[in-house]
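What follows is a set of notes on a single structure, which appears directly below.
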Amino acid sequence: MAFDVRIPEPGELEELFAVNSFSFGMPPSAERVELSLKLTDRERLLGAWADGRCVGSAGAFTFELSVPGASLPCGGVTWVGVAPTHRRRGVLTALMTAQLAQIRERGEAIAALWASEAPIYGRFGYGLAMQQYEEVRLARVHARLRSHPNARGRARLVDRAEALAAWPAAWEAARAQRAGLHSRSAAWWEIRVLPEQDRPEAGWSPAFLVSLEEGGETIGYVRYRVKRGWRHGLAAGELEVLELVGVDGGAEAALWEYVFGVDLIETVAAHNRPFDEPLFGLLEDPRRLERYPVDALFCRVLDPAAALEGRRYAAEGRLVFEVVDDFGGYAGGRFALEGGPDGARCRPTGETPMLVLPAEELGALYLGQASALALWRAGRIEGSEAAARAAELLFRWHPEPWAPEIW
């Protein structure tokens, strides 16, 4: 079956988003269309048409993604879906072909996405670059925290306007420290993070907004909601942390101390937390912290030289490698990478490669969490063990990458 993959006309947007909703089993929403278009350009939307009807969709946000030691323009892939009536007919492949070409033409060296189903995107060159905790949960009775030598700041309840003014700076400070966080425009803050109309699920309070301040400066914040509950006269409420961000470990410790100090709460849960969650080290009994790991960002390298020169490396090293890119060929070739904490140089080369890896695995290594040695042991990377160890030392980065928000 032939498909016409193209940017939708203004009058076709409603149909495109309706198909996307259909693919995810959700009812269509005119409000969703309106808000979505405030966060991306129509030129970054793609639809697949067959027999005059839209049967698939894909889109991308324009932002920067923090990478180890730096930040790079990134195609934030989203709204990917195929109508259930047209599955397994090549619609997704046609959409991915057009989208990757569009991203590369825009000069974005990397693309990233959240995958609703993990096996889908490897064949398009995306690798699992980050895992984190979908949820951490702790009974408050076990929330005995160790003292942190640099814990500081004073918590203050703020309104939406104050949060919009002060929180972006704290977010950018966190972005400077960890890979995986995307830049947020003013519209993004106003529409997605701190919407004017907070519509909590049944039983939950609207979000409480609390800033952590020191010397007139916001050094962190927490956004959370509460579900009140009582059991035989005893408080049994639940507190759900929606986002907790500190500019450093001391600020994060102070925010957790605040969270566990909220009264009438039996259980505290937080979503989308990093693998090196500082709370684990703060607890006197960390075994009590329930942790549920999940796949997070998948990364696709489209311009290896620009992408690899755009990040930093934990130790000085040199690696010659070959990338096999069977979908589009964007990352294919042999490259010599020389990198370290202060910068990197990556150029095409004719040298014999020390390692050979698919584009998917290059994407997996890119944010600094995936282990080159583990991929080599799994047969995903070819070469000697010594070369795999060299790649391990070069690519790994700390702290762990983190993506607090699903887009």
Side-chain angles (χ1 to χ4, degrees), residues 1-20 23-24 33 36-50 53-65 67 71-83 86 89-116 120-127 129 182-183 185 187-188 297-308 310 323 325-333 358-360 362-363 366-367 406-407:
M1 178 177 286
F3 304 101
D4 178 21
V5 177
R6 56 179 171 77
I7 298 169
E9 298 297 329
E12 296 173 322
L13 293 174
E14 184 176 348
E15 182 183 4
L16 182 141
F17 279 97
V19 166
N20 183 258
S23 69
F24 281 92
V33 175
S36 297
L37 291 175
K38 290 181 179 179
L39 297 174
T40 192
D41 299 329
R42 182 173 61 85
E43 287 71 22
R44 299 213 73 164
L45 296 173
L46 292 169
W49 270 262
R53 301 194 65 177
C54 187
V55 296
S57 64
F61 294 117
T62 302
F63 50 55
E64 288 205 354
L65 188 74
V67 301
S71 183
L72 287 181
C74 173
V77 175
T78 187
W79 300 313
V80 178
V82 175
H86 286 72
R89 302 186 192 182
V91 178
L92 182 60
T93 298
L95 285 166
M96 289 292 99
T97 299
Q99 186 180 64
L100 288 176
Q102 186 187 70
I103 292 172
R104 185 65 185 88
E105 288 169 4
R106 293 176 63 93
E108 293 163 337
I110 55 173
L113 56 80
W114 292 80
S116 55
I120 292 176
Y121 292 96
R123 67 181 188 268
F124 305 124
Y126 286 89
H182 65 279
S183 60
S185 65
W188 193 286
L297 287 187
F298 286 68
C299 186
R300 204 328 176 168
V301 175
L302 291 152
D303 183 340
L308 295 174
V323 182
D325 189 348
D326 293 328
F327 192 82
Y330 296 104
E360 178 184 359
L362 180 61
Y366 185 68
L367 293 181
I406 299 173
W407 64 77

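Values in this document were obtained by computation on a predicted structure and should not be read as measured data.
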Quick one: [atom1] on [X] to [atom2] on [Y], what's the gap to the nearest 0.5 Å?
X    : Y    : atom1 : atom2 : result
L302 : R300 : CG    : CZ    : 5.0 Å
D41  : R106 : CG    : CZ    : 6.5 Å
I110 : Y126 : CD1   : OH    : 10.5 Å
F17  : C54  : CZ    : SG    : 10.5 Å
F61  : T40  : CZ    : OG1   : 6.0 Å
F124 : F327 : CZ    : CZ    : 5.0 Å

- prompt: Is the ring centre of F24 less than 6.0 Å from the ring centre of W79?
  reply: no
Are the side chains of [X] and [Y] in touch, meaning some heavy atoms are under 4.5 Å apart?
X    : Y    : value
C74  : E108 : no
S57  : L16  : yes
L95  : F3   : no
W49  : V55  : no
L113 : Y121 : yes
L367 : V67  : yes
L297 : L65  : yes
V301 : V323 : no

Closest heavy-atom contact between [X] and [Y]?
X    : Y    : answer
V91  : A48  : CG1-CB, 3.7 Å
L72  : A306 : CD1-O, 4.3 Å
R42  : I7   : O-CG2, 3.4 Å
A307 : Y366 : O-OH, 2.7 Å
A112 : W407 : O-CZ2, 3.7 Å
L13  : P8   : CD2-CG, 3.7 Å

statement: The salt bridge (Lys or Arg N to Asp or Glu O under 4.0 Å) partners of E12 (sequence neighbours excluded) come to R6
- request: Any chance you could lay out the side chain to side chain contact (heavy atoms under 4.5 Å, CB included) test for R123 and E360, step after step, and finish with the verdict?
  value: CA-CA 8 Å; R123 67 181 188 268; E360 178 184 359; over 6 Å; no
- line: Contacts of E64 meeting side-chain hydrogen bond (donor to acceptor under 3.5 Å, both in side chains) (sequence neighbours excluded), chain-then-number -> S71
Cut-off 3.5 Å, no hydrogens considered: what does the side-chain donor-acceptor table look like for residues 96-103, sequence neighbours left out?
| residue | atom | partner | partner atom | Å |
| --- | --- | --- | --- | --- |
| T97 | OG1 | T93 | O | 2.8 |
| Q99 | NE2 | G59 | O | 2.8 |
| Q102 | NE2 | E43 | O | 2.8 |

query: Any donor and acceptor pair, going by atom type alone, linking the side chain of D303 with main-chain N or O of A109 inside 3.5 Å?
result: no
